[in-house]
Amino acid sequence: MERIEGGFAAIVHNPINQTNTIHLSLDSGKTRNAIGGELQPSWFSLLMRKTGLIKSSDILSIKQMGKYLICGRSDGIFRSADGGKTWTKLVLPAIENYGFNLSVSGNVIYVIPNKGC
């Protein structure tokens, strides 16, 4: 869970299809809405992941930086300026990793690649 302006964002794991989704609540948890549908893997990519032909694209973290929501996935970092309706992948140097740990301080985001165990 991550505190955001007006409420909180939570990453929820679905054990059936092994995916993570982002949910926002702006009313102290009374209701929550799933966002970031375009961040979800397609059924085809889920099938290919099970065969080992492609890597996972799990949602690992969510942060707010000013008006932006920042989402760390195992295949990159994405930014939304419209509350999670649309997402843009940020261009980063190519490195082999297992996702990104994110930390925000004011208007600066710190990105640390997770190299795994």
Exercise for the section: Report the C-alpha separation of C71 and I22 in whole Å, then their side-chain angles, then the decisive distance to 0.1 Å, and conclude whether the side chain to side chain contact (heavy atoms under 4.5 Å, CB included) test is met. Expected result: CA-CA 9 Å; C71 174; I22 301 171; 3.9 Å; yes
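- With contacts defined as side-chain heavy-atom distances shorter than 4.5 Å, the pair Q64/E2 does not qualify.
- When side chains are defined from C-beta on, T86 does not count as touching F78, because their heavy atoms never get closer than 4.5 Å.
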task = Give the intermediate values and the outcome of side-chain hydrogen bond (donor to acceptor under 3.5 Å, both in side chains) for residues T21 and H23.
result = CA-CA 7 Å; T21 56; H23 293 258; 3.0 Å; yes
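- To the nearest 0.5 angstrom, L24 atom CG is 11.0 Å from R32 atom CZ.
- Across all their heavy atoms, V104 and K63 have their closest contact at CG2-CB, 3.8 Å.
- F8 and L102 are not part of a single hydrophobic cluster, where members link through side-chain heavy atoms under 4.5 Å apart.
- Pairing each heavy atom of A9 with each of I62, the nearest pair is CB-CG2, 3.9 Å.
- Taking 4.5 Å as the limit, some side-chain heavy atom of I70 sits within range of a side-chain heavy atom of I77.
- Looking at heavy atoms from C-beta onward, W87 lies in side-chain contact with L69 at the 4.5 angstrom threshold.
- The heavy-atom pair separating A10 from M1 by the smallest distance is CB-CG, 3.9 Å.
- Side-chain contacts under 4.5 Å among hydrophobic residues (ILVMFWY), followed directly or transitively, place V12 with no other residue at all.
- Inter-residue side-chain proximity for N20 and N14 is flagged as unmet; no heavy-atom pair is nearer than 4.5 Å.
- From S103, atom OG reaches atom CE of M65 across 11.5 Å, with rounding to the nearest 0.5 Å.
- Under the 6.0 Å distance and 45° angle rule, R79 counts as a cation-pi partner of Y68.
- A donor-acceptor pair shorter than 3.5 Å can be found between the side chains of D27 and S25.
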